[in-house]
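Right, one structure below, let's go through it.
Predicted model, so just to flag it, every value in this text is computed and none were measured. Note that the numbering runs from 1 along the sequence shown for the chain.
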Amino acid sequence: MGKTYERIDGRLRSFIEQQPMFFTATAPLSGDGTINLSPKGLKGSFAVLDELTVAYLDFAGSNAETVAHLRENGRITLMWCAFQGPPTIVRVHGRGEPVFRDDPRFAGLLARFPDIDVTPHGLRAIVVVTAELVRDTCGYAVPFMAYEEDRELHGQYFARKDDDALSEYFARKSDIATSIDGLPGLPLPLPPRSV
């Protein structure tokens with residue numbers, strides 16, 4: 001049976017921090033808009049900032065649906081599930097905000113991710129989520145799967161792009177500056193990296 005938590009701490013925090021991947025779900029306000037569900041990984045790209053606040057690094061990719069939805073309405077759900085160990089699923093329902101590279105808070109937030117070199121990944125933003133509802137449920141139907149290691153392809157591909165090349169890459173993609181549904185996405189061109 002599921003349980004609701006008042007904060008992210010103790011066993012719950014340990015579980016979240018040990019997972020090698022998680023999922024984000026967002027949607028536009030429009031009833032016929034496109035719901036987005038994204039897997040997130042790369043060791044060191046997620047952090048629990050305090051008992052009600054988490055954050056993750058938003059790296060380069062071929063769309064910006066999560067960013068667009070957060071800019072429109074802020075609603076987001078994060079989910080972790082145990083592929084090893086006891087069967088558990090944890091969801092954090094909350095309000096999210098993309099903090100872009102030119103935001104005064106960016107450098108301080110980035111310092112909360114000391115275990116990853118962001119340079120080769122085309123860091124676009126840091127997504128900060130304030131929890132409004134934290135729940136766990138059983139993961140009885142989640143299969144056992146073994147984590148081997150992070151893929152190196154993302155870093156290898158985007159390491160070849162400086163800020164100008166990265167902005168050109170984003171400009172060529174139809175779903176970066178605007179979402180699939182036409183919402184404002186990633187502000188382009190990207191401001192210069194401060195790190």
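Defined by atom type and a distance below 3.5 Å, a donor-acceptor pair is missing between the side-chain atoms of Arg91 and Thr77. When only modelled atom types and interatomic distance are considered, Asp164 and Ser167 share no side-chain donor-acceptor pair under 3.5 Å. For the 3.5 Å distance criterion, the side chains of Asp181 and Ser179 fail to qualify, holding no donor opposite an acceptor.
Within the 3.5 Å criterion, the main-chain N or O of Leu123 finds a donor-acceptor partner in the side chain of Arg101. Using modelled atom types, one side-chain atom of Arg71 and one backbone atom of Gly185 make a donor-acceptor pair closer than 3.5 Å. At least one donor-acceptor pair under 3.5 Å links the side chain of Ser45 to the backbone N or O of Leu42. With hydrogens and angles ignored, the 3.5 Å screen pairs no side-chain donor or acceptor of His69 with any backbone N or O of Ala25.
Inter-residue side-chain proximity for Ser38 and Thr66 is flagged as met; some heavy-atom pair is nearer than 4.5 Å. At a threshold of 4.5 Å between non-hydrogen side-chain atoms, the residues Glu97 and Leu70 do not count as touching. Looking at Arg75 and Arg95, their side chains come closer than 4.5 Å, going by heavy atoms from C-beta outward. In this structure the side chain of Leu57 reaches within 4.5 angstrom of the side chain of Val118, judged on heavy atoms. The shortest side-chain heavy-atom distance between Pro28 and Thr34 does not fall under the 4.5 Å cut-off. Considering only heavy atoms from C-beta on, Ile180 stays 4.5 Å or farther from Asn63 through its side chain. A heavy-atom distance below 4.5 Å is not found between the side chains of Phe158 and Gln156. Under the 4.5 Å side-chain criterion, counting only non-hydrogen atoms from C-beta, Arg112 is in contact with Leu49.
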Checking side chain to side chain contact (heavy atoms under 4.5 Å, CB included) for the pair Leu78/Phe23: CA distance, chi angles, key distance, verdict?
CA-CA 6 Å; Leu78 307 178; Phe23 301 87; over 6 Å; no
Step-by-step side chain to side chain contact (heavy atoms under 4.5 Å, CB included) determination, Val134 to Arg7:
CA-CA 7 Å; Val134 180; Arg7 62 188 58 85; over 6 Å; no
So Phe100 and Arg124, side chain to side chain contact (heavy atoms under 4.5 Å, CB included) or not? Walk me through it.
CA-CA 7 Å; Phe100 298 113; Arg124 306 186 301 189; over 6 Å; no
Working for side chain to side chain contact (heavy atoms under 4.5 Å, CB included), residues Ile8 and Ile16:
CA-CA 9 Å; Ile8 301 167; Ile16 287 172; 4.0 Å; yes
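In this structure, the separation between NZ on Lys40 and CE on Met79 is 14.0 Å, given to the nearest 0.5 Å. Taking CZ of Phe59 as the start and NE2 of His121 as the end, the distance is 5.5 Å to the nearest 0.5 Å. Note that CD of Glu132 and CD1 of Ile76 are 11.5 Å apart. Values are rounded to the nearest 0.5 Å. The structure places CG of Leu12 at 8.5 Å from CH2 of Trp80, a figure rounded to the nearest 0.5 Å. Here the CG-OG1 distance, from Asp50 to Thr53, works out to 3.5 Å after rounding to the nearest 0.5 Å. Between Ser62 atom OG and Ile176 atom CD1 the span is 6.5 Å, to the nearest 0.5 Å.
Minimum interatomic distance between Pro39 and Met21 (heavy atoms only, all atoms of both residues): CB-CE, 3.7 Å. Residues Gly85 and Phe144 come closest through the heavy atom pair O-CE2, 3.7 Å. Scanning all heavy atoms of the two residues, the minimum distance from Ala27 to Ile35 falls at CB-CG1, 4.0 Å. Among all heavy-atom pairs drawn from Ala60 and Leu166, the shortest one is CB-CD1, 4.0 Å. Summarising the geometry of Ile116 relative to Gly44, their closest heavy-atom pair is CG2-O, 3.4 Å, with the distance given to 0.1 Å.
Aromatic pair Phe113/Phe46: ring centres not closer than 6.0 Å.
Exactly one of Val128, Asp58, Leu110 qualifies for a side chain to side chain contact (heavy atoms under 4.5 Å, CB included) with Val99. That residue is Val128. Partner of Asp136 under the salt bridge (Lys or Arg N to Asp or Glu O under 4.0 Å) criterion, chosen from Lys3, Arg13, Arg11: Arg11. When Asn36, Val67, Leu37, Val127 are each tested for a side chain to side chain contact (heavy atoms under 4.5 Å, CB included) with Thr26, only one passes: Asn36.
A single hydrophobic cluster is not seen to contain both Tyr140 and Val142; linkage of ILVMFWY side chains at heavy-atom distances under 4.5 Å, directly or through other members, places them apart. Linking Ile, Leu, Val, Met, Phe, Trp and Tyr residues whenever their side-chain heavy atoms come within less than 4.5 Å leaves Phe15 and Phe83 in two separate clusters. A continuous path of Ile, Leu, Val, Met, Phe, Trp and Tyr side chains, each step under 4.5 Å between heavy atoms, connects Val92 with Val48, placing both in one hydrophobic cluster.
Environment of CD in Glu148: sparse, with no more than 12 heavy atoms of neighbouring residues, nucleotides or ligands closer than 6.0 Å.
Ring geometry, Tyr169 versus Tyr157: the interplanar angle exceeds 60°, so the pair is classed perpendicular (tilted spans 30 to 60°). Between Phe22 and Tyr56, the ring-plane angle classifies as perpendicular under the 30° and 60° cut-offs.
Using a 4.0 Å cut-off between a side-chain N of Lys or Arg and a carboxylate O of Asp or Glu, Glu168 and Lys173 do not qualify as a salt bridge.
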